[in-house]
Participant: 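What follows is a single structure, and I will ask about it in a moment.
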Amino acid sequence: MTSHKIKIQNKDFLLQRLALGDWCKLEEIKKEIDEAVSKNDYELVFSKMVKFVETALCQSAPIDWNKLPWFEFAEVYSKTVEVNSPTIEFPVLRNAKSDNKKLPWEYDGRSWYFWLSLFAKNYGWRQDEIYQLDLDTAIGLYQELVIDDQLMKEFHYGLSEIAYPYNKGTKKSEYKPMPRPSWMLPIVPTQLPIIRMKRDHLPVGNVIDLQEQEMERRAKLKAT
Amino acid sequence: MQNSKLLNFVDAMNLARLLKPHIPKELDMNIPYLELLKEILDSISPQDYYKCLGLLTVDRIETLTGEELLSLFADGLEKNRLIFLLSFFDSMFGAKNA
């Protein structure tokens with residue numbers, strides 16, 4: 001567990017990067033903050049944000065959060081979020097969208113049981129070992145497990161008939177790869193490479209460069 | 001001259017909620033403070049103005065002159081980092097208040 005020094009009301013405090021088990025508590029508080037935000041209840045939002053900060057803060061003396069100017073409090077909160085965020089840009093977190101729809105099997109504190117079940121099942125680790133994991137390690141391992149699972153599924157899929165649908169046009173069965181999650185798809189280069197073309201390969205007449213329009217279209221698609 | 005106070009989180013959010021209808025929809029973070037203040041003063045209702053003043057000071061505002069109130073209002077908003085406050089409020093409660 002690493003600590004970061006932070007100044008609140010001119011006193012030094014230590015902000016901790018929490019281990020996975022405690023980090024899950026932060027995730028639960030984040031959900032409570034979101035709920036309070038959706039109700040526009042500023043007092044409740046504030047009390048939940050204080051709870052969030054205090055979960056990660058080593059307090060040597062009590063802090064009267066009500067006396068702290070709002071921008072100082074906002075800074076402490078955002079620092080707490082930053083310290084307890086993944087430090088690696090994991091592809092599995094790329095374009096991760098949450099539609100905030102509550103699943104029927106959802107319950108308070110599920111986040112911890114998800115990680116516990118995942119690592120206990122796959123690696124046979126004990127609860128205390130999983131509890132002490134760093135967030136980066138947990139997400140990295142999670143991604144590896146998802147990749148293994150996807151590749152295994154693709155292998156089984158390739159052995160089945162469903163992978164070779166009949167094409168009436170060519171009168172042949174053609175291999176149709178199993179769809180992959182968006183973060184496993186090849187990365188589209190943001191800048192298209194410039195290739196020299198032979199003069200006789202160039203089209204005749206006015207040439208309209210659609211590269212810019214294509215980039216705009218991709219940017220729009222990405223934004224939606 | 002009356003002194004404005006630094007607001008805590010809850011009071012600051014209440015202030016931002018009162019000011020939000022009187023600022024441009026797309027807030028430019030580089031907008032000069034005085035320009036934004038003028039825009040607010042041009043459109044804010046007397047009720048909202050007094051509510052903001054009530055948040056910005058602990059003292060009684062009834063005895064103050066119009067000029068003193070204006071100076072308290074301008075000083076309070078600047079002290080509480082108005083532009084940062086509005087953008088923070090937008091990022092936190094923006095979707096709900098859109």
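We name chains A, B, ... by the order of the sequence lines, and we start the count at 1 in each one. Please read all numbers here as calculations on a predicted model, not as lab measurements.
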Participant: Would you mind checking which part of K5(B) comes under 4.5 Å of any heavy atom in chain A, side chain (CB onward), backbone (N, CA, C, O), both or neither?
Facilitator: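 For K5(B), neither part sits under 4.5 Å from chain A.
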
Participant: Would the number of heavy atoms belonging to other residues, nucleotides or ligands and lying under 6.0 Å from CG of L103(A) be above 12?
Facilitator: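 Count over threshold, so yes.
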
Participant: Is atom CZ of F155(A) surrounded by more than 12 heavy atoms (other residues, nucleotides or ligands) closer than 6.0 Å?
Facilitator: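 12 or below, so no.
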
Participant: Between atom CD1 of I33(A) and atom CE of M92(B), what is the distance when rounded to the nearest 0.5 Å?
Facilitator: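 Those atoms lie 6.0 Å apart.
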
Participant: Which heavy atom of N66(A) sits nearest to which heavy atom of N8(B), and what is that distance?
Facilitator: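 Closest approach of N66(A) to N8(B): O-CB, 2.9 Å.
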
Participant: Give a yes or no on whether the ring-centroid distance for F84(B) and W70(A) is below 6.0 angstrom.
Facilitator: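 That pair passes the under 6.0 Å test.
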
Participant: Rounded to the nearest 0.5 Å, what's the gap from CG on L7(B) to CZ on F71(A)? Could you check?
Facilitator: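 The CZ atom of F71(A) is 9.0 Å from CG of L7(B), to the nearest 0.5 Å.
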
Participant: Using a 6.0 Å cut-off, check whether atom CD of E67(B) has over 12 heavy atoms from anything other than its own residue.
Facilitator: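 No.
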
Participant: In terms of heavy-atom contacts, does CZ of F90(A) have more than 12 from other residues, nucleotides or ligands at under 6.0 Å?
Facilitator: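 Check passes, neighbour count above 12.
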
Participant: Could you check whether Y77(A) and F9(B) have their ring centres less than 6.0 Å apart?
Facilitator: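 That pair fails the under 6.0 Å test.
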
Participant: Non-hydrogen atoms of chain A under 4.5 Å away: do they reach the side chain of D11(B), the backbone, both or neither?
Facilitator: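 Neither part.
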
Participant: Answer yes or no: does atom CD of E43(A) have more than 12 heavy-atom neighbours from other residues, nucleotides or ligands under 6.0 Å?
Facilitator: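 No, because the 6.0 Å sphere around CD of E43(A) holds 12 heavy atoms or fewer from other groups.
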
Participant: Would you say CD of Q127(A) has more than 12 non-hydrogen atoms from neighbouring residues, nucleotides or ligands within 6.0 angstrom?
Facilitator: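 No, not enclosed.
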
Participant: At a heavy-atom separation under 4.5 Å, does F46(A) approach chain B through its side chain, its backbone, both, or neither?
Facilitator: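 For F46(A), the contact with chain B is made by backbone and side chain together.
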
Participant: Just wondering, are more than 12 heavy atoms of other shown residues or ligands nearer than 6.0 Å to CZ in F114(A)?
Facilitator: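 Counting neighbours around CZ of F114(A), more than 12 heavy atoms of other residues, nucleotides or ligands fall under 6.0 Å, so yes.
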
Participant: side-chain contact (heavy atoms from CB on, under 4.5 Å) between L6(B) and E72(A): does it pass, once the steps are laid out?
Facilitator: CA-CA 10 Å; L6(B) 281 172; E72(A) 270 187 43; over 6 Å; no

